[in-house]
Amino acid sequence: MAYVITQRCCNDASCISECPVDCIRPIPGQPEFDTAEMLHIDPETCIDCGACVDACPVGAVFSVEDLTASLQRYSDINADYFVRHPLEPEFAAPVVTPRIPKVHGTLRVAIVGAGPAACYAADALLRRGDTQVELFDRLPTPWGLVRAGVAPDHAGTKSVTSMFETAFRRDTLRYYLNVEIGNHLTHDELLRHHHAVIYAVGASADRRMDIPGEDLPGSHSATEFVAWYNGHPDFADRDFDLSGERAVIVGNGNVALDVARVLTMDPTELARTDIADHALNALRDSRIREVVVLGRRGPLQAAYTSPEFLALGHLDGVDVVVESADIELDDINSTVLADPALEPSIRLKYTLAQEYATAPRQSGNKRIVFRFLAAPTEVLGEQRVTGLRFAHTLLTEADGRVIAEATERTDDIAAGLVLRSVGYRGEPVPALPFDERGGVVPNHEGRVIDTSGVPVRGVYVSGWIKRGARGVIGSNRIDAEQTVEHLIADFVAGTLATPHEDRDALRALVLSRQPHMVDRDGWKAIDTAEKAASDSTGRPRVKFTTRDELTAAAQGTDLAVR
């Protein structure tokens with residue numbers, strides 16, 4: 001029986017090189033890889049060896065025989081991909097990553113950020129031979145959005161961190177957590193202590209709707225809400241009004257679906273996750289019964305992935321509501337759907353919308369309602385949010401893209417909470433050039449470039465600050481390897497400056513500026529304490545959610561009140 005890749009796939013691509021019959025697609029370098037929702041296994045070619053199971057960092061691969069009811073459909077999803085993309089095995093020899101020649105000495109690199117992009121870059125460097133990596137992050141904890149952005153009920157996705165934990169056990173990598181570059185250390189000081197610096201700081205800012213009422217109490221970004229329920233220390237004290245019966249989410253990407261799920265899930269289910277205690281308590285008291293998810297375009301152009309849309313249908317006590325009138329096809333979408341070259345994942349989005357539109361609804365269930373062809377025009381209210389006004393849109397084509405144009409026809413939705421989920425963007429990095437329009441640091445394949453297009457010596461980027469806020473966790477692996485390839489090529493060519501100070505001098509400098517720096521032992525103490533607190537609850541961990549609690553735990557003192 002064949003193996004099947006399921007929803008939790010992070011597109012890491014570790015499994016591809018392990019498959020002895022080359023039956024996992026898409027492969028890095030193909031145009032489909034950058035936009036792939038997940039990887040797929042060809043059932044006709046799979047020999048059931050299980051190599052992909054061992055290679056998968058997030059436990060997304062199952063034997064067909066072991067698929068649960070909620071995962072059964074992934075057997076068809078994997079097979080359908082190869083109808084559109086017939087398998088043409090390449091049987092290419094495994095790529096052997098060359099090591100750094102010993103004659104060049106030890107390569108020392110600082111990485112700013114500790115999320116997936118940073119960790120993949122660190123792993124790629126450590127596999128190349130004689131390297132030393134210092135991992136900096138302004139938070140007292142590593143893993144970035146894996147800890148503070150992935151929905152708490154997606155525990156499998158969070159398990160990618162175990163791969164990094166294993167790779168980072170040796171002293172060749174040192175943690176400098178709770179250390180902010182630009183505050184505790186400068187960019188120039190990093191360069192003084194290293195051959196190179198990689199910035200992997202993500203895209204922490206959220207995009208705005210730029211409509212009246214957006215800043216009313218009760219109107220927030222989904223970024224804030226996600227960070228709040230995940231226990232990010234910068235957002236733990238936020239307050240969200242869950243006393244109304246309806247919330248509206250503007251935008252229909254995967255983050256919007258995460259938020260809708262968290263708002264409607266049974267708190268008993270959430271209590272089995274690592275959701276922050278303050279959020280769990282608030283959700284237990286929540287009166288929200290309906291979440292409306294608004295998208296400017298139609299179901300074929302929805303930003304969510306088909307696996308995430310499919311998974312909503314398996315939420316206990318929640319109806320997924322799509323009105324048939326909202327998914328009637330206009331000329332543009334009829335043409336799109338009729339195209340035999342249409343990706344199966346896009347076709348599946350429409351099929352699922354049709355199924356939800358005709359599915360029976362259970363009295364007493366909570367509801368996640370999808371509204372398409374709706375553009376927000378105003379957040380309603382005077383002292384606080386009372387609803388949202390939106391314009392109905394019509395689709396047009398321009399330069400090969402489907403554009404939503406607002407009409408004069410409007411409607412209002414009553415709601416006590418409005419969350420915008422319209423995308424992330426990067427913020428300027430001190431001492432580096434910045435592209436305001438793209439929200440990225442200007443670069444060529446990871447090498448930072450100045451305003452004249454010349455590479456900045458010893459400075460590199462990886463992840464969202466390099467390519468923009470797109471892709472999933474595993475997308476950062478290929479991205480990081482590209483950056484590391486160029487960095488090592490520059491080191492071998494002798495174009496990088498030699499560090500002026502050693503590792504011990506760096507540690508002494510950091511401690512003189514930030515005595516509450518959290519190192520490997522400190523993070524291990526935090527991790528152990530959070531897991532120990534979960535022993536009586538059955539949860540994977542109970543998070544510390546303030547900097548004081550985290551630094552106290554790192555130092556082995558108990559200031560946290562559970």
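Hydrogens, waters and symmetry mates play no part in the numbers below; they use all other heavy atoms, side chains included. Being a predicted model, the structure only gives us computed values, none of them experimental.
Every pair passing ring-ring contact (aromatic ring centres under 6.0 Å, His included) that includes a residue from residues 265-294 is listed here, sequence neighbours excluded: W228-H278.
Counted by atom type alone, S204 and E427 present one or more donor-acceptor pairs between their side chains at under 3.5 Å. No hydrogens or angles considered: a donor-acceptor pair under 3.5 Å links the side chains of S221 and E224. For Q555 and H516, the side-chain atoms include at least one donor-acceptor pair closer than 3.5 Å.
With Y460 contributing its side chain and I111 its backbone, the two residues share no donor-acceptor pair below 3.5 Å. With T528 contributing its side chain and K524 its backbone, the two residues share a donor-acceptor pair below 3.5 Å. Panel note: side chain N443, backbone K466; a donor-acceptor pair is recorded below 3.5 Å. Without hydrogens or angle criteria, S534 side chain to K531 main chain gives a donor-acceptor distance under 3.5 Å. Listed for the N230 side chain is no donor-acceptor partner under 3.5 Å among the backbone atoms of H232.
In this structure, Y120 and F164 have perpendicular ring planes: the angle between them is above 60°, well past the 30° mark.
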One pair to check against side-chain hydrogen bond (donor to acceptor under 3.5 Å, both in side chains): S462 and D479. What are the steps and the verdict? CA-CA 6 Å; S462 187; D479 182 88; 3.1 Å; yes

What verdict does the side-chain hydrogen bond (donor to acceptor under 3.5 Å, both in side chains) test give for S243 and D241, after you've listed the backbone C-alpha separation in whole Å, the side-chain angles of each residue and the deciding distance to 0.1 Å? CA-CA 6 Å; S243 63; D241 185 356; 2.5 Å; yes

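Shown here are the salt bridge (charged side-chain N to carboxylate O under 4.0 Å, His left out) partners of E269, two or more places apart in sequence or in another chain: R272.
With a 6.0 Å radius and a threshold of 12 heavy atoms from other residues, nucleotides or ligands, D237 has its CG atom above the threshold.
The aromatic ring centroids of F62 and Y74 lie 6.0 Å or more from each other.
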